[in-house]
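Below is one structure, written out as structure tokens, with a few remarks after it.
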Amino acid sequence: MIILCSSSSTRAELLKKTGIEFIQKSCDFDEEKLNFTDPYEFVINASWGKFKECVKCFNDEIITADTVVTDGKNILRKAKSREDAKKLLLAQSGKEIKIITSMWVKINGKVYGRCDETIYEFFEFDESDLEKYLDSNEWQGKAGACMVEGFCKKYIKNVKGYESTAMGLCIEELINILKEEKCI
Ligand SMILES: Nc1nc2c(ncn2[C@@H]2O[C@H](COP(=O)(O)OP(=O)(O)OP(=O)(O)O)[C@@H](O)[C@H]2O)c(=O)[nH]1
């Protein structure tokens with residue numbers, strides 16, 4: 001049985017869509033102790049840290065992931081407050097951003113690691129629409145307070161890459177790994 005080592009409901013939803021049987025367990029790796037400023041280094045080390053913690057606890061097949069947003073200069077992680085969410089979203093309004101997801105998969109005794117990214121070019125976010133989104137609290141628990149399948153969708157001017165990567169788990173590439181290992 002595959003263990004999705006994540007507390008993310010979005011990752012669980014994505015994995016469910018593939019029909020792959022899994023159980024979801026969270027693992028307590030503290031990302032706050034990482035002090036990488038490069039978004040790729042951060043996301044790869046955060047997901048790897050989660051993976052190592054999970055390997056200690058579970059003997060099964062394992063999937064871990066980490067996702068960050070970057071505006072090219074900063075790492076935009078999960079907002080700590082409504083004000084923080086507004087700041088993160090205004091940094092993305094009318095801009096090109098990258099959403100980077102690093103994933104580790106232990107399967108049939110082998111370990112696969114990937115780092116995928118989706119590039120979005122957004123139109124300017126409408127102010128009152130943004131306030132409504134902030135009031136909805138849907139931004140909570142999401143990297144960069146971003147919801148590409150929700151609030152941000154109508155503002156997408158250009159996109160390059162998978163939506164699943166931007167949502168936290170690159171399902172298309174995960175399916176390729178599982179096919180390679182004859183699990184599906
Ligand atoms: N629904 C949605 N979720 C997103 C989007 N972008 C990022 N996320 C979520 O934002 C979260 C990023 O934080 P992480 O630290 O990678 O993961 P987490 O939610 O803390 O869960 P763990 O795997 O237990 O660490 C993940 O749950 C992603 O699924 C998006 O556009 N839509």
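Numbers here are sequence positions counted from 1. In this text, all values refer to a predicted model and were calculated from it rather than measured experimentally. Counting starts at 1 for both ligands and their atoms, in listed order.
- Of the candidates Glu138, Arg11, Met167, Lys142, Met167 brings a heavy atom nearest to atom 29 (O) of ligand 1.
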### Working for salt bridge (Lys or Arg N to Asp or Glu O under 4.0 Å), residues Asp135 and Arg82
CA-CA 8 Å; Asp135 291 342; Arg82 189 188 190 283; 2.6 Å; yes
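- Distance from atom 18 (P) of ligand 1 to its nearest protein heavy atom, with residue and atom name: Lys78 NZ, 3.6 Å.
- The main-chain N or O of Thr67 is never found under 3.5 Å from a side-chain atom of Thr101 such that the two would form a donor-acceptor pair.
- Close approach of ligand 1 to Thr10 (heavy-atom distance below 4.0 Å) involves ligand atoms 1 (N), 2 (C), 3 (N), 29 (O).
- Scored by the side-chain contact (heavy atoms from CB on, under 4.5 Å) test, Glu163 finds Tyr120, Val148, Glu149, Lys153, Met167 as partners (sequence neighbours excluded).
- Heavy-atom proximity to atom 11 (C) of ligand 1, evaluated over Gly168, Gly141, Ser6, is greatest for Gly141.
- When hydrogens are left out, the protein atom nearest atom 31 (O) of ligand 1 is Val148 N, 2.8 Å; that is the closest non-hydrogen contact.
- Set against the non-hydrogen atoms of Lys50, the atoms of ligand 1 under 4.0 Å away are 14 (P), 15 (O), 16 (O), 17 (O), 22 (P), 23 (O), 25 (O).
- Remark: the Asp126 side chain and the Ser128 side chain contain an N/O donor-acceptor pair separated by less than 3.5 Å.
- Looking from atom 27 (O) of ligand 1 to the surrounding protein, the closest heavy atom is Ser8 OG, 2.7 Å.
- Distances shorter than 4.0 angstrom do not occur between any heavy atom of Arg77 and any atom of ligand 1.
- Considering only non-hydrogen protein atoms, atom 30 (C) of ligand 1 sits nearest to Cys146 O, 3.3 Å.
- Ranking the protein heavy atoms by distance from atom 10 (O) of ligand 1 puts Ala143 N, 3.1 Å first.
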#### Entry: side-chain hydrogen bond (donor to acceptor under 3.5 Å, both in side chains) assessment of Glu181 paired with Tyr112
CA-CA 11 Å; Glu181 291 300 324; Tyr112 290 80; 2.3 Å; yes
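- Within the listing of ligand 1, atoms 14 (P), 15 (O), 16 (O) sit less than 4.0 angstrom from a heavy atom of Asp66.
- Here is the list of ligand 1 atoms found below 4.0 Å of a heavy atom in Glu149: 1 (N), 2 (C), 30 (C), 31 (O), 32 (N).
- Scored by the salt bridge (charged side-chain N to carboxylate O under 4.0 Å, His left out) test, Lys50 finds Glu31, Asp66 as partners (sequence neighbours excluded).
- Looking at heavy atoms from C-beta onward, Tyr40 lies out of side-chain contact with Ile75 at the 4.5 angstrom threshold.
- Within the structure, ligand 1 has Ala166 among the residues with a heavy atom less than 4.0 angstrom away.
- Glu32 and Arg77 are joined by a salt bridge, as a carboxylate oxygen and a charged side-chain nitrogen come within less than 4.0 angstrom of each other.
- In this pair, Phe151 and Tyr133 present their aromatic rings parallel. The plane angle is below 30°, not in the 30 to 60° band.
- Short contacts between ligand 1 and Met147, defined as distances under 4.0 Å to a heavy atom of the residue, involve ligand atoms 30 (C), 31 (O), 32 (N).
- In summary, the atoms of ligand 1 found under 4.0 Å from a heavy atom of Glu31, numbered by their order in the structure, are 15 (O), 25 (O).
- Panel note: side chain Gln92, backbone Leu88; a donor-acceptor pair is recorded below 3.5 Å.
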